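Contents: one structure, followed by commentary.
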Amino acid sequence: MKIEQMEKYKYIIKKSGNMRVPAIFYSTDKLVSFINNDNSLTQLTNVATLPGIQQYALGMPDMHEGYGFPIGGVAAFDAEEGVVSPGGVGFDINCGVRVIKTNLIYKDIQKHLNNLGKMLYSNIPAGLGSTGKLKFAKKEMRKILRDGIDWTIQKGFALREDAESIEEGGRMKNADPDYVSDKAIKRGKEELGSLGAGNHFLEVDRITEIYDEKVAKLFGLFKNQIVVWIHTGSRGLGHQVATDYINLMRDKMEKFHIPLIDRDLVSIPIASSEAKAYLKAMSAAANYAWVNRQIITYFVRLSFSGLLKDSPENLGMELLYDVAHNIAKFEKYKINGNERLLLVHRKGATRAFPPKCKELGRKYMETGQPVLLPGNMKVGSYILVGAENSINETFGSVAHGAGRIMSRHKALKQISFEGVVREMQENKITLMAKDKRIVREEAPDAYKDVDEVIKPILYYRLANLVAKSEPLIVIKG
DNA sequence: ATGTGC
């Protein structure tokens with residue numbers, strides 16, 4: 001496979017063989033070798049062969065190997081002639097990140113940190129197979145899947161304002177629980193309000209750097225501020241939806257004359273009834289993920305409130321934003337001068353819409369949307385704002401995190417639990433984790449350098465830096 | 001990512 005460097009931070013694999021478009025990926029001198037070391041570029045060129053793909057198959061700077069599609073991959077398909085691919089969404093449908101603000105500074109909670117960690121760890125179950133504090137009947141589940149955040153507002157888990165700070169308002173309107181299997185619903189009904197495992201986390205952080213005073217002020221961010229990060233998705237429910245539809249679609253591909261070049265790269269025409277069914281189920285799972293992050297938010301607010309003996313409102317615990325980074329959505333883009341409706345797949349990629357996008361609603365129309373980009377459990381995360389070039393260059397997308405540098409297997413071979421604990425202690429970060437193995441798999445060294453990852457994003461003005469956030473408490477599955 | 005698989 002011939003990789004050519006196009007520009008400082010941009011690489012291309014030109015169209016050849018069955019590729020319908022080139023594969024373009026954003027990277028740096030330091031990162032490019034890691035990308036070339038796994039199967040992600042082959043996966044990206046495979047994506048480039050799919051019917052109806054527009055312009056290019058894109059890799060974000062955090063790209064690494066995934067299931068069928070690379071993680072950190074973006075691909076847009078014509079709504080009429082293109083395909084939908086569950087692998088291009090990911091197993092964890094609407095895995096995403098949200099940040100809750102406070103009006104507290106470090107010294108307000110310094111002496112409470114230990115208790116706060118314990119309280120959060122007990123209120124928000126983490127780990128493989130973890131179940132939430134609340135259980136819901138199947139009938140309620142159907143409402144959750146259909147209404148997403150609207151359901152949480154009705155039930156008192158969300159403030160009305162929360163919905164304005166969530167991508168899509170926290171509700172995909174074409175969601176239909178009828179297309180979600182009983183098995184998926186059964187798996188999901190006990191897991192709402194739980195964190196799960198893998199790279200999912202809950203962090204209490206401190207804002208250590210403000211890069212853009214003006215935007216930070218509009219976002220309500222300031223130096224030394226305490227903020228809470230939540231990274232999780234649709235748990236077993238989304239996983240089951242993905243499994244159900246991948247199996248169903250794989251059997252149908254022959255009927256649509258789409259070659260299965262990779263067993264995991266299943267895709268079928270958007271216009272087909274099977275694709276429509278998947279999109280309704282995917283949307284329902286996306287709604288479930290938003291409800292999951294919202295119920296966790298409810299317990300975060302409750303924990304702070306109980307400990308500091310003040311209401312969440314008085315503590316300024318507003319939602320900054322909630323972004324999805326595993327999802328497919330219909331959006332309009334100009335292709336060769338004509339506006340076309342595309343189905344944009346973001347798999348381990350975050351939307352980064354600039355100002356004036358009508359999807360952003362009143363709250364972020366003038367600034368552009370907050371972009372939440374976690375680094376690792378030691379160095380922390382960045383908050384950016386979507387910028388003008390993302391629309392023309394990346395279908396309004398950027399990286400979703402630092403991206404793995406080591407496979408889970410390699411991390412287990414090279415990294416010890418004690419080593420990570422020491423590293424965290426040296427940085428005065430409280431680490432609370434359910435599983436030692438996952439701590440090793442998710443160790444800071446298992447991830448790329450997030451400062452490298454954001455270089456292409458900033459250079460091409462896909463998003464601009466607003467603030468840096470560093471961990472005080474880390475809760476892992 | 002996931003009751004690490006039929």
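Every value quoted in this text rests on a predicted model; they were computed, and no experiment measured them.
Residue A:Glu190 is out of contact with every strand shown, counting any heavy-atom pair closer than 4.0 Å. Within the 4.0 angstrom heavy-atom criterion, no nucleotide atom of any strand lies near A:Lys186. Note on A:Gly198: only backbone sugar-phosphate atoms sit closer than 4.0 angstrom, heavy atoms only; bases stay farther off. Among the heavy atoms of the strands lying under 4.0 Å from A:Ala197 are primed sugar atoms or P, OP1, OP2 only; no base atom is included.
Remark: aromatic rings of A:His231 and A:His325 are close, center separation under 6.0 Å. Ring centroid separation for the pair A:Phe219 and A:Tyr364 comes in under the 6.0 Å cut-off.
Between the C1' atom of B:dT2 and the CG atom of A:Leu237 lies a distance of 12 Å, rounded to the nearest Å. Counting to the nearest Å, the P atom of B:dC6 and the CG atom of A:Asn247 are 8 Å from each other. For the pair A:Glu441 CD and B:dT2 C1', the computed distance is 12 Å after rounding to whole Å. B:dT2 atom C1' lies 14 Å from atom CG of A:Asp435, rounded to whole Å. Distance, A:Ile438 CD1 to B:dT2 C1': 10 Å, rounded to whole Å. Taking atom NE2 of residue A:His239 and atom P of nucleotide B:dT4, one finds them 9 Å apart after rounding to whole Å. Between the CZ atom of A:Arg250 and the P atom of B:dC6 there is a distance of 10 Å, given to the nearest Å. Between the NZ atom of A:Lys183 and the P atom of B:dC6 there is a distance of 8 Å, given to the nearest Å.
A:Tyr56 OH: more than 12 foreign heavy atoms inside a 6.0 Å radius.
Pairs engaging residues 45-55 of chain A under the side chain to side chain donor-acceptor pair (under 3.5 Å) rule: none recorded [sequence neighbours left out]. For residues 131-145 of chain A, every residue pair satisfying the side chain to side chain donor-acceptor pair (under 3.5 Å) rule, not counting sequence neighbours, is listed here: A:Lys138-A:Asp182, A:Glu140-A:Trp151, A:Glu140-A:Lys155, A:Arg142-A:Asp178.
Place A:Phe91 and A:Thr243 on DNA chain B by their nearest nucleotides, and A:Phe91 ends up nearer the 5' end. For A:Leu128 and A:Arg404, each mapped to the nucleotide of DNA chain B holding its nearest heavy atom, the one lying further toward the 5' end belongs to A:Arg404.
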